[in-house]
Amino acid sequence: MINLFHIPEHEISTKVFDHHLHGSVVNQFEEEFCHHVGAKYGVALNSATNAIFLAMLNKNVCCEIPTVIPPVVCNALLTSGNTIKFKDDPTWVGNPYILHDFGDYKVIDSAQRVDHKQYATAKHLGFVGDSDLMVFSFYPTKPVGSFDGGMIVSNNKEKIEEIRLLAYNGMSLEKSNWDRQSLVPGYKFYMNSLQAHVALDNLRLLFDKRNKLERIRGDYNKYFRLNNSSHHLYQIHVEDNKKAMQILKEKGIQSGIHYHCAHKQPAYSSPEFLSGTYEKSLLHEKTSLSIPFNEELTSKDVAHVLDCCLELPRYCLGS
């Protein structure tokens with residue numbers, strides 16, 4: 001089977017951890033990841049979903065988000081005390097997008113992209129301010145994968161430390177457990193040592209992974225006459241993605257659909273969440289197909305995928 005994603009394997013001895021839950025490897029990962037994306041401060045959490053939850057906790061705002069989106073984003077926004085309004089924009093898939101703009105700062109979801117100097121470059125171009133919060137995901141299939149996990153980075157130390165306090169049970173962070181105090185009601189959302197260890201290993205492999213993906217993407221773009229720039233997903237459009245998935249599966253190729261329209265789900269179908277007919281999103285839900293895009297693909301694998309895609313009735317080739 002040619003896999004849609006590749007999840008690296010790791011052999012880990014827990015003897016390397018000075019603490020299994022919040023050891024020094026967590027701090028090391030925070031430092032190296034912040035350096036990689038060009039941000040001054042960061043806090044590592046046990047999931048990107050909980051990162052969004054804490055970044056948006058009790059803000060009492062309405063967040064306009066694409067309906068083509070993982071439902072965990074909707075959950076995090078709603079359970080953290082906000083409401084949502086869906087918009088008809090499937091073009092964000094694979095790239096960062098703004099969860100909410102508060103005026104003096106923004107919360108940006110970059111769960112599907114990790115670029116070198118990403119925060120610093122966006123700041124230089126005027127897209128990010130020093131107080132903006134950028135959320136990353138370390139879900140196993142993401143560019144930097146682990147046993148799940150998330151990170152919030154910013155150049156605003158105060159905002160990061162406020163979130164760190166909440167993520168560590170609302171407790172002060174003295175080195176001795178016995179000296180810690182409960183300062184505010186908090187959550188057990190911190191990243192553990194195992195998650196940080198695997199994420200750190202995969203962060204250090206990211207440059208090599210990116211180089212391989214860029215070569216594969218170049219072959220795909222040339223064949224499909226597209227200009228896909230994602231390092232997470234490669235999507236084409238077919239007449240019926242469910243039928244296409246079955247055809248590829250029979251030929252030993254794994255594919256996927258990213259994503260279904262959230263506004264059709266019972267949990268999010270309330271009229272207060274809706275604002276249109278969602279024609280582009282509904283079309284995307286039916287026609288978009290993610291094909292294998294991972295660093296383990298050989299030239300033979302890529303050629304086989306392309307040969308098999310010849311048999312798929314495609315929708316709007318080159319769009």
Side-chain angles (χ1 to χ4, degrees), residues 26-45 48 51-52 54-56 59 61 63-66 69 73 87 89-139 142-146 149-164 191 196 199-200 202-218 221 226-234 293 295:
V26 179
N27 295 331
Q28 185 177 3
F29 176 56
E30 288 175 344
E31 291 175 3
E32 292 197 26
F33 189 85
C34 285
H35 177 76
H36 182 83
V37 300
K40 293 180 180 179
Y41 311 105
V43 54
L45 304 163
I52 293 173
L54 291 182
M56 298 298 300
K59 301 302 183 186
V61 295
C63 300
E64 293 189 35
I65 57 174
I69 204 163
V73 176
K87 58 183 179 181
D89 178 19
T91 62
W92 75 272
V93 178
N95 294 293
Y97 66 96
I98 297 174
L99 272 173
H100 192 73
D101 188 342
F102 289 94
D104 56 341
Y105 76 98
K106 300 183 291 294
V107 177
I108 300 162
D109 183 359
S110 188
Q112 298 192 3
R113 194 172 190 99
V114 178
D115 289 337
H116 186 237
K117 300 302 179 186
Q118 180 175 340
Y119 191 97
T121 300
K123 180 179 182 301
H124 175 72
L125 296 175
F127 299 138
V128 168
D130 279 328
S131 291
D132 288 356
L133 303 177
M134 189 174 286
V135 176
F136 295 90
S137 173
F138 311 117
Y139 190 80
K142 295 296 176 66
V144 177
S146 183
M151 178 90 76
I152 303 177
V153 305
S154 180
N155 282 354
N156 188 308
K157 184 177 182 179
E158 182 179 354
K159 288 185 181 297
I160 292 298
E161 293 309 313
E162 286 176 355
I163 293 169
R164 189 187 307 279
M191 174 177 283
L200 183 57
N202 288 332
L203 176 64
R204 292 170 176 172
L205 296 171
L206 187 57
F207 276 117
D208 183 58
K209 177 180 178 178
R210 285 280 299 270
N211 288 336
K212 292 176 180 177
L213 288 177
E214 285 175 1
R215 289 195 294 270
I216 295 166
R217 189 178 60 207
N221 278 346
L226 296 173
N227 190 30
N228 191 315
S229 62
S230 173
H231 291 98
H232 176 51
L233 299 170
Y234 195 96
F293 187 52
E295 70 276 19

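Atoms considered below: every heavy atom in the structure, side chains included; atoms not considered: hydrogens, waters and symmetry mates.
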Any sub-3.5 Å donor-acceptor pair from [X]'s side-chain atoms to [Y]'s backbone N or O?
X	Y	answer
Arg164	Gly42	yes
Asn155	Lys40	yes
Asp132	Lys106	yes

Close aromatic pair by centroid cut-off 6.0 Å: His116 and Phe207: yes
[Y] and [X], any side-chain heavy atoms less than 4.5 Å apart:
X	Y	value
Val114	His36	yes
Ile65	Leu99	yes
Ser229	Asn95	yes

Heavy atoms of other groups near Glu295 CD, more than 12 under 6.0 Å: yes
Straight-line distance of Cys34 SG to Met151 CE, nearest 0.5 Å: 5.5 Å
Pairwise distance CZ(Phe127) to CD(Gln118) - rounded to 0.5 angstrom: 12.5 Å
Results of ring pair (Phe, Tyr, Trp, His ring centres under 6.0 Å) for Phe29 - residues two or more places apart only: Phe33, Phe138
Contacts of His35 that satisfy ring pair (Phe, Tyr, Trp, His ring centres under 6.0 Å) - sequence neighbours left out: none
Qualifying residue, where the test is side chain to side chain donor-acceptor pair (under 3.5 Å) with His231 and the options are Lys142, Lys209, Gln112, Arg210: Arg210
